[in-house]
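See below for the structure under consideration.
In what follows, residues are counted from 1 in the order of the sequence shown.
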Amino acid sequence: MAAALQAVILAAGLGTRLGRPLPKPLTRLEDGRTIMGQQLDNLRSAFGEEHRVLVVVGFKYEVVMETFPDVTFAYNESYDQTNTNRSLLKALRLTQPGQGVLWMNGDVVFDPAILDALRPAVAADRTAVCVNTATTADEEVKYTVDDRGLVAELSKTVRGRALGEAIGINYVAGRDKATLVRHLAACDEQDYFERGLETAIAVDGLEVSPVDITAHFAVEVDFPDDLERANARG
């Protein structure tokens, strides 16, 4: 890639469902790393030094910043009143105009091979979401596709036949970033960032490719059972 990749990790949330005193990204895995630590390792493995990381923090932000002093931070001052769309909006507004951005939720434990699967979209500067076609749980963000194979719906309550779940790792092309920013800004404060993608698709025809990562492990750690699954595959 001609320019260093810009990556964003959304790590501002309270994480109350996991029931831990620290932000979820600082949850310790059985291999000794934190969730965010393995994310940073995965980014380094996939992109070497040719990437920059911006972490959006909120809840107990000082602890996150002290733990990872070598990355850049942005503060979501409304972290306790807003959802992930506001953290992503803040991050995208701080990145270089016209530059694509790879972003992920700060609580995803995943096989680094997922970033290799996403690499062609990054190299082509094509907006994409990573999806798992093996499951469609009620509480997860699901997706449908149109007749071109592009994402048509992206929410917890899709109207069409859900084909799988979005795992929380995505890429927005540089040419599409301004459109996504506009739609994120129009979201309700409690919306997940996927709502911004979905309205951009419906209103402006944003083209979003699903990247099937079903062959690789990924789990979003919301509950203690999720952490057990993450450690079992670690």
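Annotation: side chain of Gln39 is not in contact with side chain of Val109 (no heavy-atom distance under 4.5 Å). Contact check for Glu140 versus Thr136: no side-chain heavy atoms found under the 4.5 Å cut-off. Residues Met36 and Val55 meet the side-chain proximity criterion, which asks for heavy atoms closer than 4.5 Å. Side-chain contact between Phe193 and Asn170: present, with at least one pair of heavy atoms (C-beta onward) separated by less than 4.5 Å. Taking the side chain as every heavy atom from C-beta outward, Phe73 and Leu54 never approach each other to under 4.5 Å. Counting only heavy atoms from C-beta outward, the side chains of Thr34 and Phe68 approach each other to under 4.5 Å. The closest side-chain heavy-atom distance from Leu150 to Val145 is not below 4.5 Å. Counting heavy atoms from C-beta outward, Leu163 and Val131 have side chains that stay 4.5 Å or more apart.
Under the 3.5 Å distance criterion, the side-chain polar atoms of Glu165 are matched with a main-chain donor or acceptor of Ala137. Not one N or O on the side chain of Lys156 forms a donor-acceptor pair closer than 3.5 Å with the backbone of Val141. Side-chain atoms of Glu220 never come within 3.5 Å of backbone atoms of Asn105 as a donor-acceptor pair (strictly under, hydrogens ignored). The backbone N or O of Thr135 lies less than 3.5 Å from no partner atom in the side chain of Lys142, so there is not a single donor-acceptor pair. Arg86 contributes a side-chain N or O that, together with a main-chain N or O of Leu184, makes up a donor-acceptor pair within less than 3.5 Å. In this structure a side-chain-to-backbone donor-acceptor pair under 3.5 Å is present from Gln190 to Gln81. A donor-acceptor contact shorter than 3.5 Å links the side chain of Thr199 to the backbone of Arg195. Arg44 places no side-chain N or O within 3.5 Å of a backbone atom of Gly48 that could act as its donor or acceptor partner. For the pair Asn231 (side chain) and Leu227 (backbone), a donor-acceptor distance under 3.5 Å is present. Side-chain N or O atoms of Asn83 include none that pairs as donor or acceptor with a backbone N or O of Asn85 at under 3.5 Å.
For the pair Lys90 and Ala74, the tightest heavy-atom approach, listed with the atom from each and the gap, is CD-CB, 4.3 Å. Across all their heavy atoms, Asn42 and Pro112 have their closest contact at OD1-CB, 3.5 Å. In terms of heavy-atom proximity, Ala134 sits nearest to Thr214 at CB-CG2, 3.7 Å. Here the closest heavy-atom approach between residue Val221 and residue Ala230 is recorded as CG2-CB, 4.4 Å. Contact detail for Cys187 and Gly196: the closest heavy-atom pair is SG-N, 3.6 Å. Residues Arg93 and Ala185 approach most closely at NH2-CB, 3.8 Å, considering heavy atoms.
Between Tyr171 atom OH and Asp176 atom CG the span is 9.5 Å, to the nearest 0.5 Å. The distance from atom OG of Ser209 to atom CZ of Arg148, rounded to the nearest 0.5 Å, is 9.5 Å. Distance check: Arg28 CZ to Leu22 CG gives 9.5 Å after rounding to the nearest 0.5 Å. Here OH of Tyr143 is found 13.5 Å from OG of Ser155. Values are rounded to the nearest 0.5 Å. Here the CD atom belonging to Glu198 is positioned 10.0 Å from the CG atom belonging to Asp191, to the nearest 0.5 angstrom. Atom CD1 of Ile35 sits about 6.5 Å away from atom CG of Asp107, to the nearest 0.5 Å.
Residue Val53 forms a side chain to side chain contact (heavy atoms under 4.5 Å, CB included) with just one option from Leu5, Asp70, Val8, Val71, and that option is Val71. When each of Val172, Val122, Ile9 is checked for a side chain to side chain contact (heavy atoms under 4.5 Å, CB included) with Leu102, only Val122 meets the rule. The side chain to side chain contact (heavy atoms under 4.5 Å, CB included) test with Arg33 singles out one residue from Asp41, Thr27, Leu40, and that residue is Asp41.
Cluster membership for Leu89 and Leu154, using ILVMFWY side-chain heavy atoms within less than 4.5 angstrom, is shared. Both Leu10 and Leu180 belong to a single network of hydrophobic side chains, linked directly or stepwise wherever heavy atoms of I, L, V, M, F, W or Y lie under 4.5 Å apart. Hydrophobic clustering, with ILVMFWY side chains joined whenever heavy atoms are under 4.5 angstrom apart, groups Val129 together with Val101. Residues Leu197 and Val203 do not share a hydrophobic cluster, defined by chaining ILVMFWY side chains whose heavy atoms lie under 4.5 Å apart. Hydrophobic clustering of Ile, Leu, Val, Met, Phe, Trp and Tyr side chains at less than 4.5 Å, counting indirect connections, keeps Val211 apart from Val208.
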Can you check side-chain contact (heavy atoms from CB on, under 4.5 Å) on Phe110 and Met104, steps first, answer last? CA-CA 11 Å; Phe110 64 96; Met104 64 187 71; 3.8 Å; yes
Run the side-chain contact (heavy atoms from CB on, under 4.5 Å) check on Glu207 and Val151 step by step: do they pass? CA-CA 7 Å; Glu207 295 186 353; Val151 175; over 6 Å; no
- Query: Can Val108 and Ile169 be said to form a side-chain contact (heavy atoms from CB on, under 4.5 Å), step by step?
  - Reply: CA-CA 8 Å; Val108 184; Ile169 301 174; 4.2 Å; yes
| task | List the steps, then state whether ring-ring contact (aromatic ring centres under 6.0 Å, His included) holds for Tyr61 with Tyr75. | result | CA-CA 8 Å; Tyr61 66 91; Tyr75 179 56; 4.8 Å; yes
Set out, in order, the CA-CA distance, both residues' side-chain angles and the distance that settles side-chain contact (heavy atoms from CB on, under 4.5 Å) for Leu14 and Tyr79, then state yes or no. CA-CA 8 Å; Leu14 292 165; Tyr79 68 89; 3.7 Å; yes
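Of the N and O atoms on the side chains of Lys177 and Thr127, not one donor lies less than 3.5 Å from an acceptor on the other residue. Using modelled atom types, one finds a donor on one side chain and an acceptor on the other under 3.5 Å when comparing Glu153 with Thr144. Counting only N and O atoms by type, the side chains of Ser87 and Asn76 include a donor and acceptor under 3.5 Å apart. Counting only N and O atoms by type, the side chains of Gln99 and Arg52 include a donor and acceptor under 3.5 Å apart. Side-chain contact check for His183 and Asp204: at least one donor-acceptor pair (N or O, by modelled atom type) lies under 3.5 Å.
Within 6.0 Å of CD on Glu77 lie more than 12 heavy atoms contributed by other residues, nucleotides or ligands. The environment of CD in Glu62 is crowded: more than 12 heavy-atom neighbours from other residues, nucleotides or ligands sit within 6.0 Å. For Asp138, the CG atom is loosely surrounded, since the number of other residues' heavy atoms within 6.0 Å does not exceed 12.
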